[in-house]
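Numbered from 1 within each chain, the chains take letters A, B, ... in sequence-line order. Just so it is clear, the model here is predicted, and its values are computed rather than measured.
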2 protein chains.
Amino acid sequence: MKRNAKETEKKILQAAINIFSKKGFSAATTSEIAKEAKVAEGTIFKYYPKKKELLHAAMVEMIELFGESIAIDSLKKVIQENEDQSIEIILKAIVLDRITLFQDHLQLIKVIFYEMQFHKDIKELFLSKVSKNGIPIFAQIFEKGKKQGQFKDINSLIAMRSFMGMIIFMLLQREFLYKENAFENIEEEVDVLIDIFLNGIKRG
Amino acid sequence: MKRNAKETEKKILQAAINIFSKKGFSAATTSEIAKEAKVAEGTIFKYYPKKKELLHAAMVEMIELFGESIAIDSLKKVIQENEDQSIEIILKAIVLDRITLFQDHLQLIKVIFYEMQFHKDIKELFLSKVSKNGIPIFAQIFEKGKKQGQFKDINSLIAMRSFMGMIIFMLLQREFLYKENAFENIEEEVDVLIDIFLNGIKRG
DNA sequence: GAGTTAAGTGAGTGAGTACTCACTTGATAT
DNA sequence: ATATCAAGTGAGTACTCACTCACTTAACTC
């Protein structure tokens, strides 16, 4: 092997992810990706013979990162570390951990959700890994809470979805609307969301 | 005026919306839009000199539809009609009304959220109309509930966002995962979501 | 330092794009 | 019937794109 090929491939992949997230798959051009990666346009095609293979590789990269290792592992870790804490603390730890993930990989997440709409294979890839691995771990917390009599007898999947919806919608709004100070005072808002989720907004 | 020009323009706009929602703005071609609208490619450019103007027109169409008339009006109407009902019934009426809107205009909604990412003008247009008109009306319900002592002293905006997040996330999941029977048994799930929102998932 | 070969190059190509324009069509007014 | 002109056409144009390939560069062997 001459002139670190693995490095070059990585550079191209990262550049592709950058451009894809800025412009989307169709509007991104291979010449622009080449410039961003600081390689000749031809070099891209040595590694990814079709543009769509670049997109696919970016998705796989993300799913490796999320679906198996970082996402699931860190979720498991957070749950374990806080096992004996109150549900409020467990949820908060999980949410803050997930927010960090969201912040760190926002670009990747955006491309995936953007392209999933149009490419069935990517959608399946994502769903089979992230949803089918992540959701059961998450749902487990609710099941445990139910068994311990802490929670009402509510469908765990619906409960989890509600909670995820609250959190994700908040993050999207922050990222989308304010942007500059998107992650300021986020802990306070998380506290409020957890309180709503656990105790509702009605006066007892 | 010969050969109904308004009709032709509508046909082109609707075809554009269809193709844009299927493929996104960049991947959509004017020749394909022409075929879908059953006009010659040149005709498109008589009405919309640039492709991006077609996109913009589609956005404006949607915002007219949503931002001012249907969305806000039907929201106001639902709130008025159910003024004296319990908060559970008011919320359910609003949600079911919003779900109908979501179903009816899903295609449009998709294009908008898709393209907002890349076109600042469209984002501004959308936010200035929908958010700034819709949100205050919605927030008003929570303020009223707070004043009447029904609700805890929780930030109305955060409360509303949580609720919206729960609902929207549910809709997206249904649309995304099951698709075929996306809106089956939705009333039951809405009831659960409202219960979680009002009373929380913790055992009293 | 000549030879080997993987790694990298970039001008070139053909397909396909957004957009143009000289033209045709057909409803209406006279 | 004829003239008028908005409405509609589609081949043509300039350009951009993804992708190719004959070639160069440089790290390694002997």
Side-chain angles (χ1 to χ4, degrees), chain A residues 1-61 111 114-115 117-122, chain B residues 1-61 111 114-115 117-122:
Chain A
M1 237 191 289
K2 328 264 171 86
R3 284 185 256 170
N4 205 332
K6 278 271 167 292
E7 275 292 306
T8 310
E9 195 173 344
K10 259 192 187 174
K11 259 164 56 190
I12 292 170
L13 195 58
Q14 192 51 53
I17 289 166
N18 289 343
I19 305 291
F20 285 158
S21 20
K22 263 183 218 132
K23 312 201 157 185
F25 174 71
S26 290
T29 67
T30 48
S31 92
E32 200 179 356
I33 292 167
K35 258 186 208 151
E36 173 98 1
K38 279 164 188 154
V39 296
E41 204 175 339
T43 308
I44 290 178
F45 292 93
K46 281 271 149 75
Y47 293 94
Y48 304 100
K50 305 262 165 200
K51 188 187 170 191
K52 213 191 150 181
E53 283 173 39
L54 238 185
L55 177 66
H56 201 85
M59 302 296 112
V60 172
E61 164 92 357
V111 200
Y114 174 35
E115 298 304 339
Q117 269 195 291
F118 307 108
H119 309 277
K120 273 208 167 170
D121 52 338
I122 287 161
Chain B
M1 234 191 290
K2 330 264 171 85
R3 285 185 257 170
N4 205 333
K6 277 271 166 298
E7 275 292 305
T8 310
E9 194 173 345
K10 259 192 187 171
K11 258 164 56 189
I12 292 170
L13 194 59
Q14 192 51 54
I17 290 166
N18 289 343
I19 305 289
F20 286 157
S21 15
K22 263 182 219 134
K23 310 203 158 184
F25 175 71
S26 289
T29 68
T30 48
S31 93
E32 198 180 357
I33 293 167
K35 257 183 210 153
E36 172 97 1
K38 279 164 189 155
V39 297
E41 204 175 340
T43 308
I44 291 178
F45 293 92
K46 280 270 151 74
Y47 293 93
Y48 304 100
K50 306 261 165 202
K51 188 186 171 191
K52 211 190 151 181
E53 283 174 40
L54 237 187
L55 177 66
H56 200 86
M59 302 297 112
V60 172
E61 164 92 358
V111 201
Y114 175 34
E115 297 304 338
Q117 271 195 290
F118 307 107
H119 308 277
K120 272 208 169 169
D121 52 337
I122 286 161

Let me see the working for B:L54 and B:T30 under side chain to side chain contact (heavy atoms under 4.5 Å, CB included), right down to the final yes or no. CA-CA 10 Å; B:L54 237 187; B:T30 48; 5.5 Å; no

Select one nucleotide: of [options], the one nearest the side-chain heavy atoms of [X].
X	options	value
A:V39	C:dT20, C:dT9, C:dG8	C:dT9
B:A40	C:dG10, D:dT9, C:dA18	D:dT9
B:T8	C:dG8, C:dC19, D:dG8	D:dG8

B:K51 side chain to B:T29 backbone, donor-acceptor under 3.5 Å: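 No; judged by distance alone, with no hydrogens or angles, the pair does not exist.
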
d([atom1], [X]; [atom2], [N]) in whole Å:
X	N	atom1	atom2	result
B:K6	D:dA7	NZ	C1'	13 Å
A:K46	C:dT9	NZ	P	10 Å
B:K50	C:dT17	NZ	P	18 Å
A:Y48	D:dC19	OH	P	14 Å
B:E9	D:dG8	CD	P	10 Å
B:E41	C:dT17	CD	C1'	9 Å
A:K38	C:dG8	NZ	P	16 Å
A:I44	D:dC17	CD1	P	13 Å

Checking side chain to side chain contact (heavy atoms under 4.5 Å, CB included) for the pair B:L13/B:Y47: CA distance, chi angles, key distance, verdict? CA-CA 10 Å; B:L13 194 59; B:Y47 293 93; over 6 Å; no

If you measure only the distance, is there a donor-acceptor pair under 3.5 Å linking the side chains of A:S31 and A:E41?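 Checked: A:S31/A:E41 side chains show no N/O donor-acceptor pair below 3.5 Å.
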
For DNA chain D, the residues among residues 12-34 of chain A that have a non-hydrogen atom under 4.0 Å from it: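 Residues of residues 12-34 of chain A that come under 4.0 Å of DNA chain D are, in numerical order, A:A28, A:T29, A:T30.
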
Least distance between heavy atoms, A:N4 atom then A:T8 atom: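 Taking A:N4 first and A:T8 second, the nearest heavy atoms are O-OG1, 3.1 Å.
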
B:A37 and B:I12: which non-hydrogen atoms are nearest, and at how many Å?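 It is CB-CA, 3.9 Å.
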
Quick check on A:K23: does its NZ atom have over 12 non-hydrogen neighbours (other residues, nucleotides or ligands) under 6.0 Å away?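 Check fails, neighbour count at 12 or below.
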
Residue-phosphate contact under 4.0 Å: A:Y47 side-chain N/O, C:dG8 OP1/OP2: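 True: A:Y47 side-chain N/O within range (under 4.0 Å) of C:dG8 OP1/OP2.
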
